[in-house]
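Read the structure below first, then the notes.
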Amino acid sequence: MRATLWLLALFAVAVASALFAGNNQGTVTVFWPPWRLDLSLNFVLLALALAFTTLYAALRALAALVALPRQAQRWRLQQKERAMHGALLDALTQLMSGRFLRSRKAAQAALEQEASLRGGGTYLPQGEALRVMSHLVAADASHALQDRSAREQHLQDALTPPEKSEASLQQDLHEGVQLRAARWALDDREPLAALEGLATLSQGAARRTLALRIKLKATRLAQQTQEALETARLLGKHRAFSPAAAQSIVRGLASELIRNAHDPEQLSATWLALDPIERDMPGLAIHAAQRLAELGGEPAQVRRWLEPVWQQLVDRPGELDELDARRLVRALETALDSLDAQWLARIETAQQANPRDARLQYLAGVACMQRQLWGKAQQLLTQAAPKLQDAGLRTNAWRHLAQLAEQRGDLEAALAAWKSAAQSKS
């Protein structure tokens, strides 16, 4: 459509020119005493057009001639810029391919080109960014080559504030270099140096996923478990890990905090400092209760910590992992001293509701032993012992039966129970 319109316009101009030139009877008379010159109007118009075109072409040629030195300078500058960019790209390529010596040499070539341009008084808008990136690549290659002196020198040069760059660009470059330096410190097994570098970042940069990942590794390496746990929580909120991985990391760090507690008071403070979601994790609650029992804590408090996991086992037995269920039974077994009637009723009710669950039969039998209900304890333990899958629980069940048999004077039954306990261990 556009070509058609252009063609129609061209025909219209041609027709108008033909009509004007063919019927134009005008003349132009030039008086130059004592001469008189009569010229056709068409000829005058054509001469003016040719004169204008010739003058315009001459002026353009003169401008081009005058601009030749500037164009030559611009061409040389462009060649240097291309050489600088090419050297930096080559340095990155060699770094990714594992050729660290070549990478550092290419980065140094890029730095030489940038220094040459800057020394000649030429300012490039992206020159400072290229300079910092070249220093960073050279430092990364030196780090891979275990050349710490060269790495630190390039690092300091990269952290030198740019003179003519935007503030936002300067801040981004500085943060990127600091994050890279923190990763190098982690590689050198210097977590405190990595944390010091992260502390110099702005608040926004320190909460980025990359910075939090580095901080998590550094705090775990420095055995700062509490700080590592808080960092893992932030990473979980940022969805840096899958939900299962985030839960596993948080559970591991919380378990380490619980394991590092040295008395019941410290353990209680650690437990209360955890998030409610973390305290609802079955494995974590069982671990905390077992640790409290090891430190000599009150059995009532142990049972109180285990109560949510117990309710899950009773109400939703399929949701609790088999290993956690066995650990729960063992943890409750250690907290059956001074067992009150309420907990005994809970255990008996759960056992009666699930008569085929050998673990509940075993736990109810041990609870009856603590309450000196010898007959009922023997009945429950006798039913549970052959069906228990866990070797430790099965051994304990036969051992309890042997003790009950010795208590009532049945030496033959006691001997048989001790023999079964020994066989369960093997």
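Remember, predicted model here, so these are calculated numbers, not experimental data. All values below come from the heavy atoms of this structure, side chains included, with hydrogens, waters and symmetry mates left out.
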So, using side-chain contact (heavy atoms from CB on, under 4.5 Å) as the criterion, who are the partners of [X] when residues are at least two apart?
X	result
Ala109	Ala87
Ala218	Leu186, Pro191, Ala194, Leu195
Leu89	none

Sub-4.5 Å side-chain heavy-atom contact between [X] and [Y]:
X	Y	value
Val177	Val132	yes
Phe100	Asp140	no
Leu253	Leu257	no
Arg327	His287	yes
Ile258	Trp271	yes
Leu201	Leu179	yes
Phe241	Ile249	yes

Partners passing side chain to side chain donor-acceptor pair (under 3.5 Å) against Thr209 (at least two apart in sequence or in another chain): none
Steps toward side-chain hydrogen bond (donor to acceptor under 3.5 Å, both in side chains) verdict (Thr219, Gln226): CA-CA 9 Å; Thr219 49; Gln226 183 62 44; over 6 Å; no
Sequence neighbours excluded - side-chain hydrogen bond (donor to acceptor under 3.5 Å, both in side chains) pairs with any residue from residues 82-104: Asp90-Gln94, Arg104-Ser142, Arg104-Asp147
Pairs touching residues 238-249 that satisfy side-chain hydrogen bond (donor to acceptor under 3.5 Å, both in side chains), sequence neighbours left out: none
Worked check of salt bridge (charged side-chain N to carboxylate O under 4.0 Å, His left out) between Glu298 and Arg304: CA-CA 10 Å; Glu298 292 294 332; Arg304 188 163 54 251; over 6 Å; no
Gap separating the CD atom of Glu256 from the OG1 atom of Thr270, nearest 0.5 angstrom: 12.0 Å
Pairwise distance CZ(Arg151) to CZ(Arg180) - rounded to 0.5 angstrom: 11.0 Å
Leu388 backbone acceptor or donor facing Arg394 side chain under 3.5 Å: yes
Salt-bridge present (Arg148, Glu190; N to O < 4.0 Å): yes
